[in-house]
Amino acid sequence: MVISFLVITVSIVVLLFYIFFYKGRFVVRRNTIIDLPASVIAQDLNDLSNWPHWVPWLIYDTNAKIHFGYSSVGNNAVLPSCLEWQGELIKEGYISIIPARSSAHYCHTRVEADAFYPGELHFNIDLGQQGSHTLVSMQITSKVPFFQRWKSALYLTRAARDLELALIRLNAHLAKLNTASLHEYDDPHFELLSETRMEHFDAVTRPFVVSDQPMSQKMEQGFHDLMLSLGPDNMPSDPSFAIYTKADPAQHYFAGKLGIPVQNLEPCSSRPERIVLEGKYLTLRYSGSYQNLSLAWHVAHSAMRLHHKRVDRKRPGVEIFETGPCDTPLSKDYITKIGLPIK
């Protein structure tokens with residue numbers, strides 16, 4: 001009898017802890033400034049046939065089937081009111097425009113993306129005119145099913161990354177409408193390669209820890225020091241790379257080593273070491289600035305999950321800088337190969 005009472009008491013305490021400490025709803029909001037009038041952006045957003053150019057959930061399956069639905073009344077009799085997709089990886093999903101307040105600078109949609117979120121999303125886009133520019137704010141709100149509440153923080157992080165990716169891709173999509181601007185917008189591209197085993201190579205390396213400064217600044221200095229230690233007679237034999245032994249984006253803490261592959265033709269102050277990356281890696285080629293490398297990792301992790309793989313946390317992640325500042329003056333043309341260790 002006492003044991004039964006204790007079991008019931010513990011169960012109630014655990015249930016109450018679960019209810020109060022795991023939220024059943026998440027809200028995330030991100031914004032950016034776009035160099036276009038709000039009216040021009042609103043006109044583009046009102047046409048759902050433009051959305052496949054920038055929504056983040058379609059980039060994982062280029063062969064997905066896309067269908068547009070039309071309403072029989074109002075403005076939506078001409079423009080599509082629903083965007084539907086179906087793909088092997090991204091499953092079924094839709095985006096449906098909901099008639100909202102009279103403001104032409106506000107867009108409210110309902111999204112269902114089963115491959116990414118367990119419940120329906122409310123996806124809002126708000127446009128605020130700021131002189132000749134527009135503040136574009138995106139917000140995702142969703143309820144989390146009771147038995148998945150323990151994943152609320154994960155869904156919140158995923159939604160935040162999806163919004164950041166959507167804003168960058170929307171900006172690049174709208175850039176074609178701005179003929180007066182000479183600014184080069186980031187236009188990230190992601191090419192999922194394959195499951196592969198990374199080759200071993202000889203390289204000079206230098207450890208790094210990033211906690212209180214920009215990652216790009218730390219890497220620039222690290223590679224500069226490595227090149228100085230190599231000397232003019234030891235040219236790199238392959239692209240430079242970074243190996244991450246620890247990575248905590250939420251706390252902005254990263255640790256690992258930077259490396260430059262060499263043939264070791266001449267003696268230098270840095271002694272080369274053999275780099276061996278064991279096991280399988282899911283590889284992705286990212287075209288875009290280093291500033292958005294975290295989004296490339298987000299895409300890699302999402303692709304891994306869609307392929308029903310699991311990350312191997314006992315092995316390091318890898319970035320290989322195939323095209324960088326020494327090869328092109330445009331950061332949007334940088335090419336980085338990402339290796340995500342998988343089981």
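The figures here come from the full heavy-atom set of this structure, side chains too, leaving out hydrogens, waters and symmetry mates.
- Between the side chain of D44 and the backbone N or O of I41, no donor-acceptor pair lies under 3.5 Å.
- Across every non-hydrogen atom of D238 and P261, the tightest pair is O-CD, 3.6 Å.
- A pairwise comparison of heavy atoms in A166 and P56 identifies CB-CD, 3.9 Å as the closest pair.
- Remark: the backbone N or O of A255 is paired with a side-chain donor or acceptor of T245 at under 3.5 angstrom.
- Closest of all the heavy-atom pairs between L282 and A303 is CD2-C, 4.2 Å.
- The neighbour count for E88 CD, taken as heavy atoms of other residues, nucleotides or ligands under 6.0 Å away, does not exceed 12.
- Of all non-hydrogen atoms in V144 and S152, the two that sit nearest each other are CG2-OG, 3.8 Å.
- Around atom CD of Q129, more than 12 heavy atoms belonging to other residues, nucleotides or ligands sit under 6.0 Å away.
- In this structure, M215 and L293 have side chains that are not in contact, with every pair of non-hydrogen atoms separated by 4.5 Å or more.
- Using the six-membered ring where Trp is involved, F190 and Y286 have ring planes that are parallel, under 30° apart on the 30 and 60° scheme.
- Between the side chain of S142 and the main chain of E120, a donor-acceptor pair closer than 3.5 Å is present.
- H108 and Y106 have tilted rings, their planes meeting at an angle from 30° to 60° on a 0 to 90° scale.
- Although no hydrogens or angles enter the test, the distance criterion places no donor-acceptor pair under 3.5 Å between the side chain of R110 and the main chain of Y94.
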### Task
For I97 and L79, run side-chain contact (heavy atoms from CB on, under 4.5 Å): C-alpha distance rounded to whole Å, both residues' side-chain angles, the deciding distance at 0.1 Å, then the answer.
CA-CA 11 Å; I97 290 184; L79 298 175; over 6 Å; no
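- Linking ILVMFWY side-chain heavy atoms closer than 4.5 Å, directly or via other members, places I34 and L127 in a single hydrophobic cluster.
- Using modelled atom types, no side-chain atom of W54 and backbone atom of L167 make a donor-acceptor pair closer than 3.5 Å.
- Side-chain contact between L170 and T32 is absent, with no heavy-atom pair separated by less than 4.5 Å.
- Taking 4.5 Å as the limit, some side-chain heavy atom of V311 sits within range of a side-chain heavy atom of L340.
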### Task
Could you check K257 against E273 for side-chain contact (heavy atoms from CB on, under 4.5 Å), going step by step and ending with a plain yes or no?
CA-CA 12 Å; K257 60 175 64 176; E273 62 174 296; 3.4 Å; yes
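- Below 30°, between 30° and 60°, or above 60°: for W297 and Y244 the angle between ring planes is above 60°, a perpendicular geometry.
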### Task
Assess whether side-chain contact (heavy atoms from CB on, under 4.5 Å) is satisfied between E322 and R285, documenting all intermediate values.
CA-CA 9 Å; E322 296 183 339; R285 181 170 285 116; 2.9 Å; yes
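- In this structure, L163 CG and I168 CD1 are separated by 11.5 Å, a value rounded to the nearest 0.5 Å.
- For S287 against I335, the heavy-atom pair with the smallest separation is OG-CG1, 3.9 Å.
- Taken from CD1 in I95 to SG in C107, the straight-line distance is 9.5 Å, to the nearest 0.5 Å.
- Surrounding CD of Q43 are at most 12 heavy atoms belonging to other residues, nucleotides or ligands under 6.0 Å away.
- Without hydrogens or angle criteria, T134 side chain to V136 main chain gives no donor-acceptor distance under 3.5 Å.
- Distance check: L226 CG to R206 CZ gives 5.0 Å after rounding to the nearest 0.5 Å.
- Put simply, CG on L165 and CG on N292 are 8.5 Å apart, with the number rounded to the nearest 0.5 Å.
- Donor-acceptor pairing under 3.5 Å is lacking for the side chains of Y117 and Q148.
- Side chain of D187 to backbone of A172: no donor-acceptor contact under 3.5 angstrom is found.
- Linking Ile, Leu, Val, Met, Phe, Trp and Tyr residues whenever their side-chain heavy atoms come within less than 4.5 Å leaves M304 and M198 in two separate clusters.
- Applying the 6.0 Å contact sphere to NE2 of H200 captures no more than 12 heavy atoms from other residues, nucleotides or ligands.
- Annotation: R274, atom CZ; neighbour count of heavy atoms from other residues, nucleotides and ligands within 6.0 Å is above 12.
- Of all heavy-atom pairs spanning C82 and L48, the tightest one is N-CD1, 3.4 Å.
- By the criterion of side-chain heavy atoms lying less than 4.5 angstrom apart, applied directly or through intervening Ile, Leu, Val, Met, Phe, Trp or Tyr residues, Y253 is not grouped with F208; the two fall into different hydrophobic clusters.
- A donor-acceptor contact closer than 3.5 angstrom links the side chains of D225 and Q221.
- The structure places CD of E191 at 9.0 Å from OG1 of T283, a figure rounded to the nearest 0.5 Å.
- Figure legend: R315 and Y281 shown as a cation-pi pair, the cationic atom lying under 6.0 angstrom from the six-membered ring centre and within 45 degrees of its axis.
- The shortest side-chain heavy-atom distance between T323 and D333 does not fall under the 4.5 Å cut-off.
- In this structure the side chain of P325 reaches within 4.5 angstrom of the side chain of Y334, judged on heavy atoms.
- M227 and V204 fall within the same hydrophobic cluster, where Ile, Leu, Val, Met, Phe, Trp and Tyr residues are linked whenever their side-chain heavy atoms come under 4.5 Å apart, directly or through other members.
- For Q213, the CD atom is densely surrounded, since the number of other residues' heavy atoms within 6.0 Å is greater than 12.
- Rounding to the nearest 0.5 angstrom, the gap separating the CG atom in N124 from the OG1 atom in T109 is 7.0 Å.
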### Message
If you apply the rule side-chain contact (heavy atoms from CB on, under 4.5 Å), what do you find for W57 with V111, and how did you get there?
### Response
CA-CA 11 Å; W57 306 294; V111 179; 4.0 Å; yes
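- One hydrophobic cluster, built from ILVMFWY side chains closer than 4.5 Å, cannot hold both M219 and I275; they sit in different ones.
- Residues V28 and R30 are in side-chain contact: their nearest non-hydrogen atoms beyond the backbone lie under 4.5 Å apart.
- Contact annotation: the side chain of R161 approaches that of P249 to within less than 4.5 Å [non-hydrogen atoms, C-beta and beyond].
- Between the side chain of R29 and the backbone N or O of S137 there is no donor-acceptor pair closer than 3.5 Å.
- Residues L121 and F116 form no side-chain contact, since every pair of their non-hydrogen atoms from C-beta on lies 4.5 Å or further apart.
- F321 and Y290 have perpendicular rings, their planes meeting at more than 60° on a 0 to 90° scale where under 30° would count as parallel.
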